[in-house]
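Below is one structure, written out as structure tokens, with a few remarks after it.
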Amino acid sequence: VRIPKSKVIAIVLTFGAAGALPGAEHGFVDLPAGSFALGCVSGDDQCRQEEAPQRRVSVAAFRMARHEVTVAEFRRFVEASQYRTDAERGTNDPPGCFAENAPGISNHDWKVLPDRNWRNPGFPQGDDEPVVCVTWNDARAYVTWAAKASGRKLRLPTEAEWEYAARAGSTAVRPWGDSPDEACKHANVFDLTSRRAHDLREWDQAHHGCEDGYDRTAPVGQFAPNAFGLYDMIGNVWEWTSSCAARYPLQGPDAGREEDCSRHVHRGAAWFSSPKFARSSKRYADPNDSAAFSVGFRLAEDVP
Ligand SMILES: [Ca+2]
Ligand SMILES: [Ca+2]
């Protein structure tokens with residue numbers, strides 16, 4: 001589907017004093033119903049078996065948040081609800097969040113650490129950066145709270161919706177085209193900046209051959225949006241979806257799947273992702289209680 005930018009309508013949401021909706025300051029984009037080819041595009045030599053076969057699927061109209069949920073937005077939820085994340089309570093297995101145990105240390109020392117959580121992911125984060133170290137359970141709790149607080153039909157996107165939104169009509173490997181070295185205008189990925197900040201002598205993943213300026217997470221919305229006006233769909237942080245782990249092919253956006261709902265799919269790769277991960281069709285499933293310094297989420301909303 002090809003949608004002219006002029007047809008992409010930004011929804012400006014307004015709220016009363018008590019009605020602060022997480023994500024509202026950045027807004028949502030109305031996405032039209034459409035069909036698209038989900039999964040590996042032909043000629044993508046990084047494509048993995050779980051991304052195939054490519055299949056045409058239809059998506060109903062919905063809304064997508066322009067940005068990933070930020071630290072400030074997540075803090076408002078925590079302060080209003082007294083919620084404690086899985087990693088803070090240590091109720092996940094293993095307890096804590098996958099992180100660096102010291103800045104710049106080899107990736108061989110990255111592991112789940114009990115004292116890492118969204119308040120302390122192991123590197124400093126500004127309020128406008130995407131929240132990390134949140135599990136799928138935590139994302140669901142946030143969405144449930146935000147929907148009730150705002151009276152809106154907020155939810156996580158399905159993975160089909162996510163890919164439809166990320167592609168925004170593109171049939172290339174990435175929303176901007178096929179080249180990973182073009183990433184740095186469009187996404188915060190594992191680039192030359194990230195490489196300098198990490199001692200990755202035994203790192204088996206390649207970096208992107210460009211400079212995006214951020215060694216770890218970046219404030220949301222720093223890079224060019226895609227054709228739908230959405231920011232950071234690729235890179236910055238992986239984004240939890242509402243879709244249970246399941247093999248392709250999908251019969252519809254989510255129908256007919258043999259599902260493992262103890263794991264959910266996250267999409268889009270992150271600040272420490274190499275080119276083989278930072279692709280529109282890449283999908284990864286993790287346990288519902290898994291937290292990582294590279295995984296967050298964004299909101300979707302039903303059209304009234
Ligand atoms: Ca980067
Ligand atoms: Ca992202």
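Here, residue 1 is the first one in the sequence, and each next residue gets the next number. Whatever order the structure lists them in is the order used to number ligands and atoms, beginning at 1. Below, all heavy atoms of this structure are taken into account, side chains as well, without hydrogens, waters or symmetry copies.
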TODO: Among the N/O/S atoms of Asp191, select the one at the shortest distance from the Ca ion (ligand 1) and name it.
DONE: OD1
TODO: Kindly give the atom name of the N, O or S atom of Asp232 closest to the Ca ion (ligand 2).
DONE: O
- [ ] Work out the angle at the Ca ion (ligand 1) between OD1 of Asn188 and O of Tyr214, rounded to 10°.
- [x] 100°
- [ ] Kindly report the OG-the Ca ion (ligand 1)-O angle for Ser194 and Val189 respectively, rounded to 10°.
- [x] 80°
- [ ] Using a cut-off of strictly less than 3.0 Å, determine whether Ala187 has an N/O/S atom near the Ca ion (ligand 2).
- [x] no
Open item on the list: Restricting to N/O/S atoms, is Val237 within less than 3.0 Å of the Ca ion (ligand 2) or not?
Closed with: yes
Task: Worked check of salt bridge (Lys or Arg N to Asp or Glu O under 4.0 Å) between Glu182 and Arg174 - done: CA-CA 10 Å; Glu182 294 292 311; Arg174 300 166 173 85; over 6 Å; no
Open item on the list: Would you say that Phe297 contacts Trp136 through its side chain, given a criterion of any heavy-atom pair below 4.5 Å between the two side chains?
Closed with: no
Open item on the list: So for atom CZ, which belongs to Arg48, do other residues, nucleotides or ligands contribute more than 12 heavy atoms lying within a distance under 6.0 Å?
Closed with: no
- [ ] Measure from the Ca ion (ligand 2) to every N/O/S atom of Glu239 and report the name of the nearest one.
- [x] OE2
- [ ] Kindly check if the number of other-residue, nucleotide or ligand heavy atoms within 6.0 Å of OH (Tyr284) is above 12?
- [x] no
- [ ] Would you verify whether the NZ or CZ of Arg283 falls within 45 degrees of the ring axis of Tyr248 while also being under 6.0 Å from that six-membered ring's centre?
- [x] yes
Open item on the list: Is the ring pair His67/Tyr231 parallel, tilted or perpendicular, if the boundaries are 30 and 60 degrees?
Closed with: parallel
Open item on the list: At less than 3.0 Å, would any N/O/S atom of Asp212, backbone or side chain, sit next to the Ca ion (ligand 1)?
Closed with: yes
Task: Nearest to the Ca ion (ligand 2) - the N/O/S atom of Glu68, by atom name - done: OE2
